[in-house]
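Labels below follow one simple rule: chain letters A, B, ... track the order of the sequence lines, proteins then strands, and each chain is numbered from 1. Quick caveat, the model's predicted, so the values are computed rather than measured.
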Amino acid sequence: MTYLLTQLANGLSYGLILGLIAVGFVIVFTSTGVLNFAHGSVLLAGAYLVAVLHDPIGFWAAAVVGIAGAALLAVLINAVLVRNLAEANPGTAAILMLGVDILLLTELTRRIGNRVLTIGSPWGADVFSFGGITLPMSRVIAAGLAIVVFALLWFLFARTGTGIAMRAAAADGDTASLMGIRLSRTGAAGWALAGALAAIAGIFLASFPAPGVAPTLAISAFAAIPAWVLGGFDSVVGAIVGGLIIGVVTALAVGYESELHFLGRGLGEVVPYAVMILVLLVRPSGLFGRKEAVRV
Amino acid sequence: MSDLLRRLPVALAVLVALGLPVVLDGFWLQTGLFAMAAVVGAIGLTLLVGIAGQLSLGHAFFAALGAYAYAWSVGEVGDRAAGAGLPPILGLVLAGVVAAVAGALFSPISGRLRGIYLGLATIGLVFLARHLMVNLEALTGGFNGRAVEPFSVPGFSFSNDDPDYLAIAGVEFGGLHRLWYLFLVVVLLAAWLGRNVKDSRTGRALANVRDSEAAAAAMGIHVARAKATAFVISSAYAGVAGALMALAYGRIAPDLFGLQLSIDFLVMIVLGGLGSIAGAAAGAAFVVMLPLVLTQYSSELPFLAAPGSGGLDGATLARLLYGAAIIAVLLFLRGGLAGAAGRLRHRRSPPPPDTSGLPPAPPPSAAPASAAVPEPSHPGVPTRSKETTS
């Protein structure tokens with residue numbers, strides 16, 4: 001029983017981190033219609049900044065720089081590349097992001113090399129115990145922080161002018177722009193937000209129990225894609241719920257792998273995608289996605 | 001006449017390809033084999049992405065299916081990894097069929113999702129493929145993969161023996177030379193079939209679905225079936241491409257068929273120009289050859305460091321050039337290489353004779369490239385981005 005609860009808590013905290021990444025995918029997609037394949041590299045860039053800067057300027061300052069740097073990088077990608085596409089449509093934008101991802105990831109891989117950089121967080125390898133459940137401290141902090149971030153996001157989208165402008169732009173760009181909303185600004189805000197969220201997630205994904213910042217960190221952003229798709233492409237709430245589902249399912253698949261050995265080794269890597277395909281078979285627009293209606 | 005002129009470059013390219021094995025060394029032959037295998041897969045993907053407007057990142061899954069289907073069906077009975085001992089030509093067909101069937105099984109998803117949504121859903125297939133390849137050890141040889149029997153027809157093997165010595169124009173024709181011609185035949189078949197699909201009733205229906213699903217449905221096209229059909233065709237191409245890859249490598253392992261391969265296929269057709277068969281071929285050749293050539297000749301390029309020294313090595317430079325090429329083409333080259341070639345041809349050809357007595361037509365601008373290349377675009381139909389969604 002305790003084992004099950006531990007796995008569940010583990011999965012939920014991991015799912016909240018995935019949710020941070022998946023929400024970034026949603027915001028970029030709704031604000032500019034781009035499938036951001038470079039999200040993982042932006043995440044890695046943020047974590048890399050924290051890892052190289054925590055020694056000279058301290059962890060908290062480094063974290064601020066890393067988050068701001070990732071946000072800036074995302075905004076630049078949008079302003080310099082996405083907005084200058086020869087043919088602006090979702091397909092070419094997605095492939096452009098693949099190119100950006102290759103460039104960023106190659107350069108970061110070259111800089112990191114074979115090393116695994118530590119993130120230098122104050123919580124280090126501490127563990128947290130409560131009622132027989134043990135969790136890494138980083139996961140507990142990540143879960144708490146993610147909930148705070150999601151609350152702030154709710155406040156942003158429900159209570160502030162900027163957030164409402166972003167929602168209006170996402171719902172109907174043409175009309176929103178006729179109402180005086182500058183789509184370039186809502187787009188930039190969306191990309192900045194996504195970059196910052198990715199960097200936060202990156203810091204925690206590089207903390208204990210993970211060894212540190214390595215190029216493989218960028219691939220972990222891919223694990224958030226099933227969460228995003230599951231939630232339904234354009235729903236922030238859906239992305240968070242999707243993240244939780246994927247997190248729990250992954251944790252259970254890993255935790256009970258010995259009992260599930262008939263499904264093969266390395267089940268944890270494939271289970272998120274299997275869940276995604278199964279859900280899409282039943283609900284092609286995800287759990288929370290709007291069903292697309294076309295007016296002619 | 002103009003038709004003949006348009007076909008001239010293709011005929012020349014085929015002639016050059018026929019003669020190349022006489023002059024090329026082993027490295028370039030091997031590179032050419034990889035490129036030709038990729039061309040087949042890229043043609044299949046360009047039919048799906050360029051004509052039908054569906055994005056797929058699952059191409060590596062179907063290539064893997066084809067590769068393992070070929071390796072299994074041709075493999076010796078009772079070997080370490082199971083085999084059926086079928087004739088290789090049957091194995092090649094089976095590779096396409098198995099991949100097509102898998103594509104058809106995916107049709108509940110591929111018929112209902114469109115564009116980038118399908119692209120995301122197909123990512124799952126790649127990870128599924130890896131899991132199956134690693135775990136179905138009896139069929140796939142597990143993580144370390146399995147060897148692939150060379151291709152042969154009765155009395156002639158596309159390997160270094162049987163006949164042991166074969167020479168044309170004083171050059172010994174070993175396995176690589178022989179495979180070159182096999183691959184060339186498959187590539188030509190694939191291109192010919194692909195062009196026919198593109199210009200057929202099915203192809204036009206697919207283009208219509210791409211431009212507007214609502215309009216296509218109003219014209220009586222079964223949209224879901226059309227999208228599923230495109231997916232099945234492209235899967236079959238990927239399967240055959242996978243079998244060719246297996247032949248070119250001689251040994252297949254799960255790492256060959258990762259997400260990177262899917263991305264590579266997508267990049268090939270984007271660089272070449274979506275929907276263009278020749279463009280897909282050119283893109284495939286570029287993507288395959290760039291890293292191989294740069295690594296091979298890295299020691300001769302003075303600004304490159306040795307691998308592992310932390311400096312800029314050949315493989316890293318290839319990746320950087322690769323990413324930069326994608327970005328440059330998407331930002332500056334509308335329609336990829338094929339689009340640019342079309343515009344170039346358009347500019348060079350003399351303006352049509354003025355018969356109406358009206359003032360001479362303005363010089364052809366870059367926009368109506370459809371006059372030179374029959375692009376399947378329908379200017380009268382609004383593109384999907386202009387449709388209102390609610």
Contact origin within B:Leu113 toward chain A - heavy atom pairs under 4.5 Å: side chain
Heavy-atom side-chain proximity of A:Ile95 to B:Leu55 below 4.5 angstrom: yes
Heavy-atom pairs under 4.5 Å with chain A, option from B:Phe106, B:Phe127, B:Tyr322, B:Phe332 with the top count: B:Phe127
Value rounded to 0.5 Å, distance of CG in A:Leu96 from CG in B:Leu331: 6.0 Å
Under 3.5 Å donor-acceptor, B:Arg130 side chain and A:Val270 backbone: no
Test log, rule side chain to side chain contact (heavy atoms under 4.5 Å, CB included), inputs A:Leu98 and B:Leu266: CA-CA 10 Å; A:Leu98 285 175; B:Leu266 210 51; 4.0 Å; yes
Heavy-atom side-chain contact between B:Leu120 and A:Phe233 under 4.5 Å: yes
Choice from A:Leu104, A:Thr109, A:Val275, A:Leu281 maximising heavy atom contacts with chain B below 4.5 Å: A:Leu281
Heavy-atom proximity to chain A below 4.5 Å, by part of B:Ile269: neither
Which portion of A:Phe29 sits near chain B, non-hydrogen atoms under 4.5 angstrom: side chain
Structural part of A:Leu267 lying under 4.5 Å from a heavy atom of chain B: both
Spatial distance of atom CG (B:Leu128) from atom CD (A:Glu269) [nearest 0.5 Å]: 12.5 Å
Short side-chain to backbone donor-acceptor contact, B:Arg319 and A:Thr106, under 3.5 Å: no
Minimum side-chain heavy-atom gap B:Val126-A:Tyr273 below 4.5 Å: no
CG on A:Asp101 to CD1 on B:Ile263, rounded to 0.5 Å: 7.0 Å
From CG (A:Asn84) to CD1 (B:Ile327), nearest 0.5 Å: 12.0 Å
Pairwise distance OG1(A:Thr92) to CZ(B:Arg334) - rounded to 0.5 angstrom: 9.5 Å
Proximity breakdown for A:Ile225 and chain B, heavy-atom pairs closer than 4.5 Å: side chain
Toward chain B, the part of A:Val100 with a non-hydrogen atom under 4.5 Å: both
Over 12 non-hydrogen atoms of neighbours within 6.0 angstrom of CD in A:Glu107: yes
Nearest-0.5 Å distance, CG of residue B:Leu125 to CD1 of residue A:Ile277: 4.5 Å
